[in-house]
Amino acid sequence: MDRLRINGGKRLEGVARISGAKNAALPMLAATLLADGEHTVTNVPDLADVRTMLRLLGRIGAYGERGNGRGRHRVTVEVSTDIDPVAEYDLVKTMRASVLVLGPLLARHGRARVSLPGGCAIGARPIDLHLQGLSALGANIRLAHGYVEAKARRLKGGRFVFDTVTVTGTENVLMAAVLAKGTSVLENCAREPEVVELARALVTMGARIEGIGTETMVVRGVEKDALSPMKRAICPDRIEAGTLAIATAITGGDVTLTECEPRHLDALTEKLREAGAEISSLEGSMRVKGPPRPCSVDMRTTPYPGFPTDMQAQLMALCSIANGSSVISEQVFENRFMHVSELGRMGANVRVDGHTAHVKGVERLSGAPVMATDLRASASLVLAGLRAEGSTIVQRVYHLDRGYERLEAKLRKLGADIRRLRQ
Ligand code: EPZ
């Protein structure tokens, strides 16, 4: 398994281009199952989870192909009627977002057999709301042998209220509603930019959706032949942008992030300014200047537009060397503090009490061998390594590779002393 070796203490300076959003690419690639023909999706990040989704689509019978060289961010997906609507456990267990094929397969082909994802490091992460939402559209759902067996001759428009805001739950039910007979009203929907991007892509394909970006979406179902193949660019990855913004802040650097959407990062920008960073944004780019030592900040994660849970671990790395104490509350997932013990090995002083972490800022961190446990925890350890004195070895970097495209290359270009040790 690959490792990353980071020799800390280097200020990051320069320009970094933000890749397409992983969490927009995954639902949009799943949405190609809603229409036959050749779909073209651009600005698709080249990272492990997208490769897994393309592998899953291929098994189902939708053949995706990525361009090469300068075209490597363009993906075409060829979808025909010859589809095998099954998502096997071996792929679903490696990537829970595989469950996103459930809604489109059910809507387009009237049946789907999708493995239950099981839990993961950050929590139980059930899909009960996905299933309840599909049932509200008339699906017949049965759980057997670790699989969801879903059937519906034709989904019918219905009303459903998500009792918890769920990103992929909203996406799954939205995609199903697009081809239902009649009108669906979906309430308490997630409003993340990636959900908005999916809805807009569906509209360009011929779907009829109102209330995009709000908590209530009204979907007027259309006939199958009303949908045409997707031709759409993926929006910039706000979590990658946020991660690089914190990398700049934690090293006291000066970095301009290009091809990003600053307005998707308002909650983080506010916290970084509170911590002493200077942030200026223009159309499509933002410049971050970090302070010599950040001030402490308090934060709680909530669904968009609040502070994103996917940035919690990264902000904690910044707070660990802040001047003062910070209180960080994780409200979305039940077990998303796996990075705390590893940060502790580097000298951070963090005490966890249920959903709240109390971070007492220390003057310096010391490099150490640490273990990545999940995607954003591994990003947090990289950020801490950029600041720490001496050498940090981050193990199990496959977690990082799931959600970031060539992160170490981007950091090295900005002046970080970071190398991948291949094994
Ligand atoms: C999406 O996961 C993201 N993944 C996650 O990003 C992100 O952390 C999460 O949304 C929250 O923003 C993708 O978009 C592919 P949820 P998702 O359903 O949809 C509970 C990353 O690092 N819930 O919004 O799986 C659930 O347990 C990943 O890129 C139910 O109870 O998250 C959680 O407590 C990690 N029943 C809360 O809702 C359900 O049926 C929010 O989860 C569904 C969810």
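Read the numbers this way: they start at 1 and go in the same order the structure lists the ligands and their atoms.
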J.: Does a donor on one side chain sit under 3.5 Å from an acceptor on the other, for His339 and Gln312?
T.: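 Yes, side-chain donor-acceptor contact under 3.5 Å.
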J.: Report all side-chain donor-acceptor pairs from residues 22-36 shorter than 3.5 Å, counting only partners two or more places apart or in another chain.
T.:
{"unit_1": "Thr32", "atom_1": "OG1", "unit_2": "Leu29", "atom_2": "O", "d": "2.6"}
{"unit_1": "Asp36", "atom_1": "OD1", "unit_2": "Arg108", "atom_2": "NH2", "d": "3.2"}
{"unit_1": "Asp36", "atom_1": "OD2", "unit_2": "Arg108", "atom_2": "NH2", "d": "3.2"}

J.: Taking only Lys NZ, Arg NE, NH1 and NH2, and the carboxylate oxygens of Asp or Glu, determine whether Asp90 and Arg59 approach each other closer than 4.0 Å.
T.: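 Salt bridge between Asp90 and Arg59, a charged N being under 4.0 Å from a carboxylate O: yes.
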J.: Quickly, which of Arg420, Arg406, Arg422 forms a salt bridge (charged side-chain N to carboxylate O under 4.0 Å, His left out) with Asp401? Name it, please.
T.: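 With Asp401 as partner, salt bridge (charged side-chain N to carboxylate O under 4.0 Å, His left out) holds for just one option, Arg420.
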J.: Any carboxylate oxygen within less than 4.0 angstrom of a Lys/Arg side-chain nitrogen, looking at Arg51 and Asp46?
T.: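 Looking at Arg51 and Asp46, the cut-off is met.
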J.: Let me know which protein residues bring a heavy atom to under 4.0 Å of ligand 1; chain then number is fine for ordering.
T.: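 For ligand 1, the residues that come within the 4.0 Å heavy-atom cutoff are Lys22, Asn23, Ala97, Arg125, Pro126, Ile127, Asp128, Leu129, His130, Thr164, Val165, Thr166, Val167, Thr168, Thr309, Asp310, Val332, Phe333, Arg336, Leu375, Arg376.
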J.: Check step by step if salt bridge (charged side-chain N to carboxylate O under 4.0 Å, His left out) holds for Glu210 and Arg220.
T.: CA-CA 9 Å; Glu210 286 161 25; Arg220 290 204 297 280; 2.6 Å; yes
